[in-house]
Each structure stands twice: as structure tokens, then as C-alpha cells.
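Below is one structure; the comments refer to it alone.
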Amino acid sequence: MSEKLQKVLARVGLGSRRYMEEVIAAGRVSINGKIAQVGERIEPTDELRIDGRKVQFQVEDEIRRRVLIYYKPEGEICSRNDPEKRPTVFDHLPQIANDRWVMVGRLDINSTGLLLFTNDGELANRLMHPSNEVEREYAVRVFGEVTEGMLQKLRHGVQLEDGPAKFDKITAGGGEGLNQWYNVTLCEGRNREVRRLWESLDVQVSRLMRIRYGDIKLDKTLPRGGWVELQLPQVNYLRKM
């Protein structure tokens with residue numbers, strides 16, 4: 001059993017396959033103490049190191065691709081470690097022997113809802129790549145007057161500091177007074193994009209929850225801070241997507 005080195009490294013979650021090829025070409029990767037080459041094959045018994053640090057890995061014939069849905073609560077950050085010792089989304093995930101969880105996308109500290117984790121870093125990178133245009137749906141509570149003209153602007157596009165952006169769909173979700181809920185969808189994953197779209201029209205976002213990623217929906221019975229593992233048909237759906 002052997003597999004190309006850059007593919008193994010991408011699946012571990014250290015970066016895309018192309019980026020890992022650059023790391024290998026820079027002489028930062030070794031197999032059994034010898035500097036590795038791009039395209040070299042690696043076996044399960046080999047010792048793999050990057051910048052001198054040992055890397056745990058599995059080749060494809062050994063691996064079982066796993067994906068978790070995690071219900072992120074407010075106050076947790078999307079980072080493996082935090083110098084300020086704040087709680088992170090990795091704190092409550094199950095242990096995974098000789099492997100590690102890789103996060104698919106992010107949510108900011110004040111946002112809640114669906115996060116995906118997988119032990120296949122290459123799958124995570126592909127799901128996050130803009131070219132795949134995975135649709136994401138959010139439930140958003142906003143504060144302020146919202147007119148039909150403003151909704152049309154959000155549908156047709158507004159200019160943000162990093163370029164034009166828009167919601168693909170907006171539907172009203174009810175509310176009282178100036179506090180209104182909307183369900184919005186988009187296919188990009190730019191930093192704080194949902195909040196920034198609303199804020200571009202001077203509307204404040206007071207609650208933000210991701211409720212869907214592609215066809216994967218947040219289970220309403222899942223408690224905040226809880227996780228559930230996807231079944232094989234759902235994992236295969238993500239791989240095909």
C-alpha cells in the first residue's frame with residue numbers, strides 16, 4: 001500500500017495538494033530521514049516529517065473518510081488553539097486515533113450553527129474552494145428598517161471593500177418591529193460576508209446562524225456544542241459535490 005506524498009499531506013489537512021507540492025519542492029519534507037521529492041510515494045510504515053516535526057498519517061487504503069456536523073455555539077472560536085485560552089470548536093469533538101479533524105470553513109465568534117469537520121483535509125480544501133460554489137444558508141436576525149428596495153440591492157449586488165457581493169436568495173422569516181428574521185443563501189465564503197452585506201446598508205445583524213451547507217442541514221435536535229457523524233451516503237454526496 002503506497003500513495004503519492006502530496007496527496008497524503010493534503011488529506012492530513014496541512015494545505016491544498018498544490019501547496020503541499022511547493023512545500024515538498026522547498027525541501028521541507030522528509031521520508032525516513034531523507035529529503036522527499038514531489039510525486040514520491042509513501043507507505044504506512046514510513047516516517048514522515050515536515051520541518052523536522054513528525055506527522056501522523058494514513059494512506060488511502062487504510063483510511064475511513066469521516067465527516068461530523070458540529071453545532072457551534074456563540075463564544076467559541078474557529079481555531080485549534082487560542083493564546084487567550086478561549087473555548088474553541090475543537091474542544092468537544094471526539095478523539096480520532098492516528099488522525100485529526102479538519103474544519104470546513106469558519107464562523108466568527110458571535111455566529112452559531114453548522115460547521116463541518118472531516119479527517120480528509122483534501123476533501124475540506126475542495127469543499128472550501130470558491131470554484132465549487134457550495135450553497136450556504138443562514139438564518140439572520142437584523143435590527144433596523146429594511147425596505148423592499150434594500151432587499152433588491154442585496155439580491156443584485158453591493159460593493160464591499162473586497163469586491164462586489166450579493167445574496168443568491170432572501171426570504172422573510174418573521175419578527176417583531178425593527179427586529180426581523182431573514183433566511184439568506186450565498187455560494188461564497190468570504191470573511192464575515194453575511195454580516196458585511198447587511199452592514200453595507202446600515203442594518204445591524206444581531207443573530208447569525210448557519211443552517212445548511214449544500215444539502216447538509218443542521219439537525220434541529222442537535223444541542224449547541226453537540227456533534228453527529230454523517231452516514232456514508234451523505235459523505236459520498238460531499239465527495240461528489
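Keep in mind the model is a prediction, meaning the values are calculated, not measured. The figures that follow rest on heavy atoms only: side chains count, while hydrogens, waters and symmetry mates do not.
When all heavy atoms are compared, the tightest approach of L68 to P94 is CD1-CD, 3.6 Å. Residues A25 and V38 approach most closely at N-CG2, 4.0 Å, considering heavy atoms. Taking all atoms of both residues into account, the shortest heavy-atom contact from I24 to V29 is CG1-CG2, 3.8 Å. Pairing each heavy atom of V205 with each of V140, the nearest pair is CG1-CG1, 3.7 Å. Taking all atoms of both residues into account, the shortest heavy-atom contact from V102 to G121 is CG2-CA, 4.1 Å. The two atoms that bring A10 and S16 nearest to each other are CB-C, 4.1 Å, heavy atoms only.
Considering NZ of K153 and CZ of F167, their distance stands at 14.5 Å, rounded to 0.5 Å. Rounding to the nearest 0.5 angstrom, the gap separating the CH2 atom in W101 from the CD1 atom in I96 is 4.0 Å. Expressed to the nearest 0.5 Å, how far CZ of R136 lies from CG of L186 amounts to 7.5 Å. Atom CG of residue L201 and atom CG of residue L151 lie 9.0 Å apart, to the nearest 0.5 angstrom. For the atom pair CD (Q37) and CD (Q6), the distance works out to 11.0 Å, reported to the nearest 0.5 Å. Summarising the geometry, atom CD belonging to E3 is positioned 11.5 Å from atom CD belonging to E43; distances are rounded to the nearest 0.5 Å.
Looking only at distances, a side-chain donor or acceptor of Y237 sits under 3.5 Å from a matching main-chain atom of D215. Between the side chain of T185 and the backbone N or O of K169, at least one donor-acceptor pair lies under 3.5 Å. For E74 (side chain) and T112 (main-chain N/O), no donor-acceptor pair under 3.5 Å exists by modelled atom type. In terms of modelled atom types and a separation under 3.5 Å, the side chain of R141 and the main chain of A139 share no donor-acceptor contact. Judged purely by atom type and a 3.5 angstrom limit, R49 has no side-chain atom pairing as donor or acceptor with the backbone of G33. R210 places a side-chain N or O within donor-acceptor distance of the main-chain N or O of R106, the cut-off being under 3.5 Å. Of the possible donor and acceptor atoms, one in the side chain of K72 sits under 3.5 Å from a partner among the backbone N and O of S111. Using a distance-only test at 3.5 Å, with no hydrogens or angles considered, no donor-acceptor pair links the side chain of R192 to the main chain of D108. Between the side chain of N119 and the backbone N or O of R66, at least one donor-acceptor pair lies under 3.5 Å.
With hydrophobic clusters built from ILVMFWY side chains whose heavy atoms lie under 4.5 angstrom apart, L114 shares a cluster with L238. Cluster membership check: I211 shares its hydrophobic cluster with L127, using side-chain heavy-atom separations under 4.5 Å among Ile, Leu, Val, Met, Phe, Trp and Tyr. Under the 4.5 Å side-chain heavy-atom criterion for Ile, Leu, Val, Met, Phe, Trp and Tyr, V228 and Y71 are members of the same hydrophobic cluster.
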Q.
Between D162 and R196, does the salt bridge (charged side-chain N to carboxylate O under 4.0 Å, His left out) criterion hold? Intermediate values first, please.
A. CA-CA 11 Å; D162 54 353; R196 290 190 293 132; 3.0 Å; yes
Q: Kindly indicate, with the supporting measurements, whether the criterion side-chain contact (heavy atoms from CB on, under 4.5 Å) is fulfilled by I69 and L116.
A: CA-CA 5 Å; I69 287 178; L116 294 179; 3.8 Å; yes
Q: With salt bridge (charged side-chain N to carboxylate O under 4.0 Å, His left out) as the test, would you mind laying out the steps for K7 and E122 before giving the verdict?
A: CA-CA 8 Å; K7 188 174 181 182; E122 187 171 15; 5.3 Å; no
Q: Kindly determine whether Y138 and L107 satisfy side-chain contact (heavy atoms from CB on, under 4.5 Å), including the steps that lead there.
A: CA-CA 11 Å; Y138 300 82; L107 289 170; 4.2 Å; yes
Q: Tell me, with the steps shown, if M20 and R11 meet side-chain contact (heavy atoms from CB on, under 4.5 Å).
A: CA-CA 10 Å; M20 296 319 305; R11 195 169 56 243; over 6 Å; no
Q: Given side-chain contact (heavy atoms from CB on, under 4.5 Å), test D91 with E76 step by step and report yes or no.
A: CA-CA 9 Å; D91 291 344; E76 289 187 355; 5.6 Å; no
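With sequence neighbours left out, the side chain to side chain donor-acceptor pair (under 3.5 Å) criterion links T147 to no other residue. Qualifying side chain to side chain donor-acceptor pair (under 3.5 Å) partners for N236, counting only residues two or more places apart in sequence or in other chains: none. Partners of E135 under the side chain to side chain donor-acceptor pair (under 3.5 Å) rule, at least two apart in sequence or in another chain, are R212.
Contact of the V12 side chain with the L48 side chain is not registered, since no non-hydrogen atoms from C-beta on lie closer than 4.5 Å. Counting heavy atoms from C-beta outward, L14 and V23 have side chains that stay 4.5 Å or more apart. Contact annotation: the side chain of R195 approaches that of N110 to within less than 4.5 Å [non-hydrogen atoms, C-beta and beyond]. Contact check for R126 versus R17: side-chain heavy atoms found under the 4.5 Å cut-off. With contacts defined as side-chain heavy-atom distances shorter than 4.5 Å, the pair R155/I170 qualifies.
Taking a 6.0 Å sphere around CD of Q95, one finds it holds 12 or fewer heavy atoms contributed by other residues, nucleotides or ligands. Shown here is Q152, whose CD atom has more than 12 heavy atoms of other residues, nucleotides or ligands within 6.0 Å. No more than 12 heavy atoms of other residues, nucleotides or ligands sit less than 6.0 Å from atom CD of E145. Residue E148 places its CD atom among more than 12 non-hydrogen atoms of other residues, nucleotides or ligands, all under 6.0 Å distant.
Between Y70 and F117, the ring planes lie perpendicular to each other; the angle is over 60°, past the 30° to 60° tilted range.
Between the side chains of T221 and D219, at least one donor N or O lies within less than 3.5 Å of an accepting N or O.
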